[in-house]
Structures are given as structure tokens and as C-alpha cells.
There are 2 protein chains.
Amino acid sequence: MQDAPNRPYHHGDLRRTVIETALDMLREEKGWQFTLREVARRAGVSHAAPYKHFPDKAALLAELAMIGFDRLRESLSAAKPTASNSLREEITTIARAYVAFGTENPALYRLMYSAEEGQAVGIHLNERALAVFDVLLEVLRRGQAAGSIRKRPIEGQAAAGWGLVHGMTMLAIDGLLVPEKVGSAPLDAALSTLVEGLGSPETLRAPAIRSARGPGRVKTFCFR
Amino acid sequence: MQDAPNRPYHHGDLRRTVIETALDMLREEKGWQFTLREVARRAGVSHAAPYKHFPDKAALLAELAMIGFDRLRESLSAAKPTASNSLREEITTIARAYVAFGTENPALYRLMYSAEEGQAVGIHLNERALAVFDVLLEVLRRGQAAGSIRKRPIEGQAAAGWGLVHGMTMLAIDGLLVPEKVGSAPLDAALSTLVEGLGSPETLRAPAIRSARGPGRVKTFCFR
DNA sequence: ATACATTGTTGACAGTGACTACTTAAGGGC
DNA sequence: GCCCTTAAGTAGTCACTGTCAACAATGTAT
């Protein structure tokens, strides 16, 4: 649309173009260091043009982070429609989706959780992040109501779930887990332990989730 | 020693001075962005002097990261001498020490786990990091041998422990947990869930660790 | 049509990391 | 004692960044 032979002076929708270009760059993550000028360059626009839409670099990053939380929530919601499965499978499915999002958008995920930027935005970022957190809380509440999850303070269980999943995601992003992608052994093994901690005693009679069952299926860690 | 009134031409031990200055800066973490020139400035030395001791900025950062892993391992080792306690207490003690290290040295901890830098160093960093990991593995092995920890593939349990503790640390650093410092509710609550996942059924008869017992003691999360 | 607000461009500034040429101090062989 | 090699520190360049101010092109309301 804006591929006019002579670039028009007014770009039409530069704000959106800048955001999408930036998201593309974030997805590449070739040890890339995010640069406003590079964004402008790729968007085919002068180096200061983005300043007409974002007061500064931090504002753009904050916007990207919010979009990231939105997409993460969408990913999690999309991953859990098969509510017919057991709760333990539901939890592992959500957890896998979470880690997958992080490893597929490493730079974006890191940005979402970088304190500097978040501080600048304040409230709005929190709403989006809380929406993600709610997905987890909802599953736990349902599990406790159904009796398949231990009756414990739900905040503690949520802390364990969130902390574990966040930690595994960061480790995976930083390449500290086995090179195989998400869904591979270390994550499932860790989830198995988590689920055993969450599960009520009676549900634990059931066999542990599959990929973590036999000792041979759990790969050791691999620092690159 | 090198506090001579007229700065001596040869600094004596600039390498060490640079490292300690950098560690100081890392400890401050005022949204500070680490700059070689600032290090030189604080060390009272010209902006290119550090290049006589480190080939480039990444090399200095790598050195700092290695020191960080060493100190983390020391912290963990120092935190666990009371082996007379129950294993579950031992685990929570180590975990608290781990998170405390992270929150007390936020920038250093983040640096230790930043992929870019680690990639540059390669092997040496891994040795140090593995030494930290070994502290965790040792406790788990001991627990399995003593029967107080579930007989499961130890890598999975280690993944759970490491992932959880790393995740909680990062969340705390980024200010996403309740403002109270380490040892506060969310961490203990999460650890309680973890311990229930690790513990063998018979040991779980014992009451959960104290601060996560009553629902009232577990604070909710707090996005700033 | 004309004034105005919006959007994009250009040029400039200070600050950064990498790098190089220069200068000074320290120590060893004679 | 002297000279010379080498290590350590300094100054300055280069390319790049984020940011800002001035300017130009465009669209819009009157």
C-alpha cells in the first residue's frame, strides 16, 4: 500500500509500521541490540521520524512489552481449550505454551520482564501482565474446587507455578537448558515435580506425566 | 596502598581495581547502564586504560559474571552448614540464600544469566555455573538416599528447583513480587509447593514450612 | 485560497565502544 | 653509571546511538 515508487512524504500509518518492524527485529534476536535508528532504517523512514509517534525509545519498548503480554495471554488461552483433559494435563499444556512463547520470542519476552522499561510505564503494563497471571489463577481455583489440587493458599501455588515457568523460560532463552526446543525433557520433568506438589494426594496415584516417567527420558542439563 | 597523593603512573593493580569498581557499579543498579568509560572514570584512570587489561567490554563482563557465580556458590555453601535440620528446611534455606543473593546483587545476577555475554566466554563460565548447580544436586541426592525425597529422576527435580528459584529471583529483581525483601511470603509459599512436590509421601505428614501455613500469612502478588 | 496543525526530513549535539598513535615509567643487560 | 626494550597510561579518531531543534511537505478547517 505504502510501496509507492517515490516514497510519499506522509507515510500513512507509521506508528503501526514502526511497531511491527520493531517486533520483527525483536523476533530475530541475533544478539541484536535494539536501535531506534535501525527501526527507522528498516521502516524506510528518516532516523527521527519515530519521535513523532513515540516520545522516546523507552515508550516504544513499553508499547512492545504490552503487546507482548497481550499475545502471551492469547497464546495461553488458545492452548487450554481442551478442558476435557485432566487438570494436570491442562497445567502442563499451559506451561508448555508459556515457555514456547518465551523461546519463540526471546527478546520480546526479556523485554516484557525488564524492570527498567516496566517502571516507566507503570499501570498499563501491570494490567496486561495481571491478565496473564489470571489465566494461571483460574486453573488453580478450578482445580482446588474440583479437589484435584491440594487445598493450600492459592497465592503460594500461583507463585510456584509462575516462578517455575518464568524461570524455565529464562533458562531456555539463555540457552542453559538442553538445546531441544520446548516440550523437551527438562521442562516436562520440572513440571512433573511441580504437579506433584500441586496435586492432591488422591490424584497423585495416577502415573506421572508421560515424558518424565522413565529415567532414561530425562536428559541431563547442558550448559553450552 | 595505591592511594598515593600524585597518582602513580603505574597503577600497581589496575586490573583488580577495575573489577572491584565495576562490581560496585553493578551493585548500585540505578537503572545504570554499564559503561567502560564510567568504570575508568571512577577508577580515576583514563578511558582507555582498562583495555590494557581486558580485550574488550565483553571480556570484563564475562569476568564479572564468573566472579558472580563463584560468590553465589559461596553464599549457598555458607547457608547450608546446619545439616542437622530436616532436608526440607535445608532446601528452603538454600533457596532463600539463592534468592537473597539475586536481590542483593540484581545487576550482577542478571549479567550472570545474560546469554550474550555467556556465549562469548563459553566453557569457563559453565564450570562456575555448574559448581552452583552441584550444590543443589548434592542436596537432592542426599535426600533421595535418605528417603525423604521422592524417588524420581534427579534431573527433573533439579530442573524444578533451579527453575523455580531462578524464576523467583528474576521476578523479585524486576520488582514483580511483593516489596518485602527475600524470605517474605511469596517465596516461602512457592517453596512450600515445591517441597511438597519433592518430598516423599511419608515426610509430607509433617506440617508445611511455617510461613506458608496459614492463608493469612501469604501476601498476594503486587505488580508495581 | 489561506492559515494552521500534523507528519516527515535534515542537521546538530553529547555520549559511547573500539581502536590507534603517542608518551612516560620501570626494569634488565652491560 | 648508561641505554634500550617493554609495559602502562594518555589523547585523539571513528562510527554509531538517542535526542532535539529547525525546516519542509502535506492535509485540513475556515
Side-chain angles (χ1 to χ4, degrees), chain A residues 1-22 25-26 28-65 107 111 114 116-117 119-121, chain B residues 1-22 25-26 28-65 107 111 114 116-117 119-121:
Chain A
M1 188 188 288
Q2 58 271 41
D3 249 339
N6 284 1
R7 187 157 305 287
Y9 203 92
H10 280 72
H11 182 285
D13 196 357
L14 182 57
R15 184 182 165 88
R16 177 160 302 279
T17 301
V18 163
I19 288 181
E20 278 170 11
T21 305
M25 290 172 57
L26 240 25
E28 291 182 4
E29 162 84 355
K30 292 290 297 175
W32 204 262
Q33 88 167 340
F34 192 88
T35 238
L36 255 193
R37 286 173 116 99
E38 176 69 16
V39 177
R41 220 168 282 140
R42 293 209 194 187
V45 109
S46 80
H47 64 247
Y51 280 88
K52 295 296 168 182
H53 299 271
F54 304 93
D56 58 2
K57 186 184 177 184
L60 171 57
L61 291 180
E63 181 95 20
L64 297 175
L111 170 66
S114 93
E116 278 74 42
E117 321 308 336
Q119 210 153 359
V121 210
Chain B
M1 190 187 290
Q2 57 269 44
D3 251 340
N6 283 1
R7 186 156 306 289
Y9 204 92
H10 280 70
H11 184 285
D13 198 356
L14 182 58
R15 183 184 166 87
R16 177 161 302 278
T17 302
V18 163
I19 288 181
E20 278 169 12
T21 305
M25 290 173 56
L26 240 24
E28 291 182 4
E29 162 85 356
K30 292 290 298 176
W32 206 264
Q33 95 164 335
F34 192 86
T35 214
L36 256 194
R37 288 171 114 97
E38 176 70 14
V39 176
R41 216 169 286 138
R42 292 209 194 189
V45 109
S46 78
H47 66 244
Y51 282 91
K52 292 294 170 184
H53 299 273
F54 303 93
D56 58 3
K57 186 185 176 183
L60 172 58
L61 290 180
E63 181 94 21
L64 297 175
L111 170 66
S114 91
E116 278 74 44
E117 321 307 337
Q119 210 152 359
V121 210

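Computed over heavy atoms, backbone and side chain alike; hydrogens, waters and symmetry mates excluded. To find a chain, count down the sequence lines: A is the first, B the second, and so on, and within it residues start at 1.
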Spacing of [X] atom [atom1] relative to [N] atom [atom2], expressed in whole Å:
| X | N | atom1 | atom2 | result |
| --- | --- | --- | --- | --- |
| A:Arg15 | C:dG8 | CZ | P | 12 Å |
| A:Gln33 | C:dG17 | CD | P | 10 Å |
| A:Lys57 | D:dT19 | NZ | C1' | 12 Å |
| B:Asp56 | C:dA18 | CG | C1' | 9 Å |
| A:Leu14 | D:dG27 | CG | P | 15 Å |
| A:Arg41 | C:dT9 | CZ | P | 14 Å |
| B:His53 | C:dA18 | NE2 | P | 16 Å |
| A:Phe54 | C:dG8 | CZ | P | 11 Å |

State, to 0.1 Å, how close B:Lys57 and B:Phe34 come at their nearest heavy-atom pair, and which atoms those are.
NZ-O, 3.0 Å

Would B:Arg42 and B:Glu20 count as a salt bridge (charged side-chain N to carboxylate O under 4.0 Å, His left out) if you check the C-alpha gap in whole Å, the side-chain angles of each, and the deciding distance to 0.1 Å?
CA-CA 11 Å; B:Arg42 292 209 194 189; B:Glu20 278 169 12; over 6 Å; no

Please classify the nucleic acid contact of B:Phe34 as base, sugar-phosphate, or nothing, using heavy-atom distances under 4.0 Å.
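Sugar-phosphate contact only.
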
Between the CG atom in B:Leu60 and the CD1 atom in B:Ile19, the distance rounded to the nearest 0.5 Å is 7.0 Å

Atom CG in A:Leu26, atom OG1 in A:Thr21: separation rounded to 0.5 Å?
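Going from the CG atom of A:Leu26 to the OG1 atom of A:Thr21 covers 11.5 Å.
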
Does [X] make a side-chain N or O approach to OP1 or OP2 of [N] shorter than 4.0 Å?
| X | N | answer |
| --- | --- | --- |
| B:Thr35 | C:dG17 | yes |
| B:Lys52 | D:dA8 | no |
| B:Tyr51 | C:dC19 | no |

Over its full length, what angle do the end axes of the helix from C:dA1-D:dT30 to C:dC30-D:dG1 make, each axis taken from five pairs and the result rounded to 10 degrees?
10°

Could you tell me if the side chain of A:Arg16 sits less than 4.5 Å from the side chain of A:Asp13, heavy atoms only?
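Sidechains of A:Arg16 and A:Asp13: in contact.
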
Side-chain donor-acceptor pairs of residues 43-55 of chain B under 3.5 Å, sequence neighbours excluded:
none

Partner residues of B:Arg41 under the side chain to side chain donor-acceptor pair (under 3.5 Å) criterion, sequence neighbours left out
B:Glu38

Restricting both atoms to N or O, compile the protein contacts to nucleotides 11-14 of chain D shorter than 3.5 Å, with distance only.
| from | atom 1 | to | atom 2 | distance (Å) |
| --- | --- | --- | --- | --- |
| D:dG12 | O6 | B:His47 | NE2 | 2.8 |

